[in-house]
Amino acid sequence: MNETYRLQKIRNLGVRLQELELVSLTPGKSYTSAALNFLFADHELERPCGLPLEHTLKTLGEAIMAKRKVRFSSLDADAVIDFFCRLYRVH
């Protein structure tokens, strides 16, 4: 999946999170940013700034594996997006 498609999927996740009233969009913020902020806060992590999206998502993947005791050697950026899209039922 390329970065544009990843951003679109994360944006769709942000829209879904707002529909579920888990996030509220503040003026000047994007759905993508709101989704990432929510996911990092939900896993009690500080969101890394200034890093590529792929690295940011891999950081989140490590938290998923630790918190949920998932038995994978690693989760790539696409697997992290797919995990949350399935969890919150984003199409």
Side-chain angles (χ1 to χ4, degrees):
M1 181 178 330
N2 66 32
E3 188 162 321
T4 302
Y5 188 66
R6 286 179 184 149
L7 289 169
Q8 182 61 43
K9 295 275 287 190
I10 296 168
R11 182 196 177 284
N12 293 346
L13 178 59
V15 170
R16 178 67 176 147
L17 292 172
Q18 186 176 28
E19 288 172 353
L20 295 171
E21 297 180 356
L22 295 172
V23 299
S24 59
L25 210 60
T26 56
K29 293 284 184 177
S30 67
Y31 285 108
T32 303
S33 181
L36 288 172
N37 288 341
F38 171 80
L39 296 175
F40 274 92
D42 191 47
H43 286 85
E44 300 171 349
L45 294 172
E46 187 174 327
R47 181 177 165 194
C49 296
L51 297 175
L53 179 61
E54 186 164 349
H55 180 74
T56 301
L57 292 170
K58 284 183 181 181
T59 301
L60 198 51
E62 291 169 8
I64 293 168
M65 291 186 310
K67 185 175 184 179
R68 298 177 187 260
K69 309 231 185 317
V70 178
R71 294 183 180 167
F72 297 114
S73 59
S74 68
L75 289 175
D76 68 9
D78 299 334
V80 172
I81 293 170
D82 290 340
F83 173 82
F84 286 112
C85 285
R86 281 193 308 276
L87 182 64
Y88 293 104
R89 299 177 187 212
V90 177
H91 304 286

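Hydrogens, waters and symmetry mates play no part in the numbers below; they use all other heavy atoms, side chains included. For this chain, numbers begin at 1 and follow the sequence in order.
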>> So that I know where these two stand, are Phe84 and His43 an aromatic pair - ring centroids less than 6.0 Å apart?
In response: yes
> Mind checking what makes salt bridge (charged side-chain N to carboxylate O under 4.0 Å, His left out) contact with Asp78, not counting sequence neighbours?
Replying inline: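 Applying salt bridge (charged side-chain N to carboxylate O under 4.0 Å, His left out) to Asp78 gives Arg6.
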>> Take a 6.0 Å sphere around NZ of Lys29 and say whether it holds more than 12 heavy atoms from other residues, nucleotides or ligands.
In response: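 Check fails, neighbour count at 12 or below.
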Do [X] and [Y] make a side-chain contact, defined as non-hydrogen atoms from C-beta onward lying under 4.5 Å apart?
{"X": "Leu13", "Y": "Phe38", "value": "no"}
{"X": "Lys9", "Y": "Asp82", "value": "yes"}
{"X": "Ile10", "Y": "Leu57", "value": "yes"}

Co-membership, hydrophobic cluster, residues [X] and [Y], 4.5 Å side-chain:
{"X": "Leu53", "Y": "Leu17", "answer": "yes"}
{"X": "Leu39", "Y": "Leu20", "answer": "yes"}
{"X": "Ile81", "Y": "Leu22", "answer": "yes"}

Closest approach of [X] to [Y] (non-hydrogen atoms, all atoms of both residues):
{"X": "Thr32", "Y": "Leu7", "result": "OG1-O, 3.6 Å"}
{"X": "Thr59", "Y": "Leu45", "result": "O-CD1, 4.3 Å"}
{"X": "Val23", "Y": "Ala34", "result": "CG1-O, 4.1 Å"}

> Got a sec, which residues hit side-chain hydrogen bond (donor to acceptor under 3.5 Å, both in side chains) with Tyr88, two or more places apart in sequence or on another chain?
Replying inline: none
> With Gln8, which residues qualify under side-chain hydrogen bond (donor to acceptor under 3.5 Å, both in side chains), at least two apart?
Replying inline: Asn12
> Picking from Arg16, Arg11, Gln18, what satisfies side-chain hydrogen bond (donor to acceptor under 3.5 Å, both in side chains) with Tyr31?
Replying inline: Gln18
>> Taking Lys58 first and then Glu54, would you say they form a salt bridge - that is, a charged N and a carboxylate O separated by under 4.0 Å?
In response: yes
> Could you state the interatomic distance from CE (Met65) to CG (Leu60), rounded to the nearest 0.5 Å?
Replying inline: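 Answer rounded to 0.5 Å: 10.5 Å.
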